[in-house]
2 protein chains.
Amino acid sequence: MTSDEPRWLTDEQQRAWRQWLLLTARLPARLNRQLLADSELSLPDFDVLVHLTDVDSGRLRVLELGRALQWEKSRLSHHLTRMERRGLVRREDCAADGRGFEVVVTDAGLAALRAAAPAHVETVQQLVFDGLSAAQVRAMADIADTVLARLGD
Amino acid sequence: MTSDEPRWLTDEQQRAWRQWLLLTARLPARLNRQLLADSELSLPDFDVLVHLTDVDSGRLRVLELGRALQWEKSRLSHHLTRMERRGLVRREDCAADGRGFEVVVTDAGLAALRAAAPAHVETVQQLVFDGLSAAQVRAMADIADTVLARLGD
DNA sequence: CGCTTCTGGTTGACATGTCACCGATCGCGG
DNA sequence: CCGCGATCGGTGACATGTCAACCAGAAGCG
């Protein structure tokens, strides 16, 4: 038996896979370009600020933020350093745990987010949701859920 | 009328969107890690080699390769330089057009691709397709087609 | 032919992301 | 209280990706 023969993709799968690869490369690139052109924020900056402002306090432990974004800690650390240098967020010592820090949105960060959001959301609407039926949106969420579950954590 | 009020995402859309963002961040990262662990290739390397070996001659104009991958030309140029340094591909002058180059897979590149492919395909199967129904695979392709069409080109 | 413009591709500076490793603190068992 | 592994987070070196500027050959046009 050739039981160790790889399970190659069927034509259907191959087509879906290649299209998906193209999409995951091009859509974020496009959104990033739109954000940079219309605001002071990059797409990663935007993500960080969205998650921070999701919470009332506008303040999150680095670890919590990392969990929400699902970023590696070193990536997050580097990015926070860059955002801190630009005055978008601030690190503050954490009273409860001497090792940790809390990340706080600054006024400038909040202002930048508010300025960037409308055009960004409109772009997402136009590029993605305007073309999809409600059923497709559900399918998209289901597919993402399924695969994310297989990725673990 | 507040006709310039941004069209915020509905809850359904918001959920689908956030899951999709997570997926597009984490799945490529995972695939890249698997490739690097099990072979000499990164995910971008793999993409380049797949497209090159798609053609019988194993040789493509830089421009053609760029179109197939949908990469920016400078990204492709940088990446080819790195791959050339590692002996995976070779640039050759193009007879038909003095400005252009042809990219050729080397024996080492071909060997690396053949060595990396089985484990990579198996990983894609396990993480993605084993969890999805045939209908979901079709939905995935349709969604990708639709959004790619809206991205233009 | 000679001039301009367009095109294929490269380069350098810089932003982003990853890996491997470090250092401090916490928390728990002895 | 001490010791020690686990946890929180940062750092440096490096790979990857982007933007803008550039250069050489091609192509159109007088």
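Quick note on labels: first sequence line is chain A, next is B, and so on, each numbered from 1. Predicted, not measured: the structure shown is a model, and the values here were computed from it.
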Task: Non-hydrogen side-chain atoms of A/Val62 and A/Arg67 separated by less than 4.5 Å - done: no
Task: All ring pair (Phe, Tyr, Trp, His ring centres under 6.0 Å) counterparts of A/His79, not counting sequence neighbours - done: A/Trp71
Open item on the list: If you take any heavy atom closer than 4.0 Å to DNA chain C, which residues from residues 73-81 of chain B end up in contact?
Closed with: B/Lys73, B/Ser74, B/Ser77, B/His78
Task: Check ion pair A/Arg150-A/Asp145 (N to O, under 4.0 angstrom) - done: no
- [ ] Mind jotting down which residue pairs meet the ring-ring contact (aromatic ring centres under 6.0 Å, His included) criterion with at least one end in residues 94-131 of chain A? Sequence neighbours excluded, please.
- [x] A/Phe46-A/His120
- [ ] Using a 4.0 Å heavy-atom cut-off across all strands, classify B/Arg91 as base, sugar-phosphate, or nothing.
- [x] sugar-phosphate
Task: Pairs satisfying salt bridge (charged side-chain N to carboxylate O under 4.0 Å, His left out), at least one member in residues 96-108 of chain B, at least two apart - done: B/Arg59-B/Glu102, B/Arg61-B/Asp97, B/Asp97-B/Arg99
Open item on the list: Going by the rule salt bridge (charged side-chain N to carboxylate O under 4.0 Å, His left out), which residues pair with B/Arg75 if we only count those two or more places apart in sequence or in a different chain?
Closed with: none
TODO: Could you tell me whether a side-chain N or O of B/Thr123 sits under 3.5 Å from a main-chain N or O of B/Ala119, the two making a donor and an acceptor?
DONE: yes
TODO: Give me the residues of residues 103-116 of chain B where at least one heavy atom lies under 4.0 Å from an atom of DNA chain C, by number, or none.
DONE: none
Open item on the list: So B/Arg82, base contact, sugar-phosphate only, or nothing? Heavy-atom distance under 4.0 Å.
Closed with: base
Open item on the list: I'd like to know if B/Arg138 and A/Glu12 make a salt bridge, using a cut-off of under 4.0 Å between side-chain N and carboxylate O.
Closed with: no
Open item on the list: For residues 110-128 of chain A, which residue pairs pass the salt bridge (charged side-chain N to carboxylate O under 4.0 Å, His left out) check, not counting sequence neighbours?
Closed with: A/Glu122-B/Arg7
Task: Exam field: side chain A/Glu92 to backbone A/Val104, donor-acceptor pair closer than 3.5 Å - done: no
Open item on the list: Does B/Asn32 reach a base, just sugar-phosphate, or nothing at all? Heavy atoms under 4.0 Å.
Closed with: nothing
- [ ] Please tell me if the side chains of A/Gln125 and B/Leu9 come closer than 4.5 Å, counting only heavy atoms from C-beta onward.
- [x] yes
Task: Residues within residues 42-57 of chain A bordering DNA chain D, heavy-atom distance below 4.0 Å - done: none
Open item on the list: Using a 4.0 Å heavy-atom cut-off to protein, can you give one letter per nucleotide of nucleotides 2-7 of chain C, 5' to 3': B if the base is in contact, S if only the sugar-phosphate is, - if neither?
Closed with: -----B
Open item on the list: With a strict under 4.0 Å distance from non-hydrogen atoms of chain A, what nucleotide opens and what nucleotide closes the contacted stretch of DNA chain D, reading 5' to 3'?
Closed with: D/dT7 to D/dC19
Open item on the list: Let me confirm one number: the CG-CG distance from B/Asp47 to A/Leu22, rounded to the nearest 0.5 Å.
Closed with: 9.0 Å
TODO: For A/Ser77 and A/Lys73, indicate whether the former's side chain and the latter's backbone hold a donor-acceptor pair under 3.5 Å.
DONE: no
TODO: Take atom CG of B/Leu60 and atom P of C/dG8, then tell me their distance rounded to the nearest Å.
DONE: 14 Å
Task: A/Glu72 CD - C/dC21 P separation (whole Å) - done: 15 Å
Task: Flag, side chain of A/Gln136 to backbone of A/Ser133, donor-acceptor distance under 3.5 Å - done: yes
TODO: Could you check how far CG of B/Leu36 sits from P of C/dT18, rounded to whole Å?
DONE: 11 Å
TODO: For B/Asn32, check side-chain contact (heavy atoms from CB on, under 4.5 Å) against everything at least two apart and list the hits.
DONE: B/Leu36, B/Ser42, B/Leu43, B/Pro44
Task: Residue list, side-chain contact (heavy atoms from CB on, under 4.5 Å) with B/Arg86, at least two apart or on another chain - done: B/Asp45, B/Met83, B/Leu88
- [ ] Could you pick out which residue, A/Gly98 or B/Ala25, lies toward the 5' side of DNA chain C when each is mapped onto its nearest nucleotide?
- [x] B/Ala25
Open item on the list: On DNA chain D, compare the nucleotides closest to A/Ala29 and A/Asp97; which residue's is nearer the 5' end?
Closed with: A/Asp97
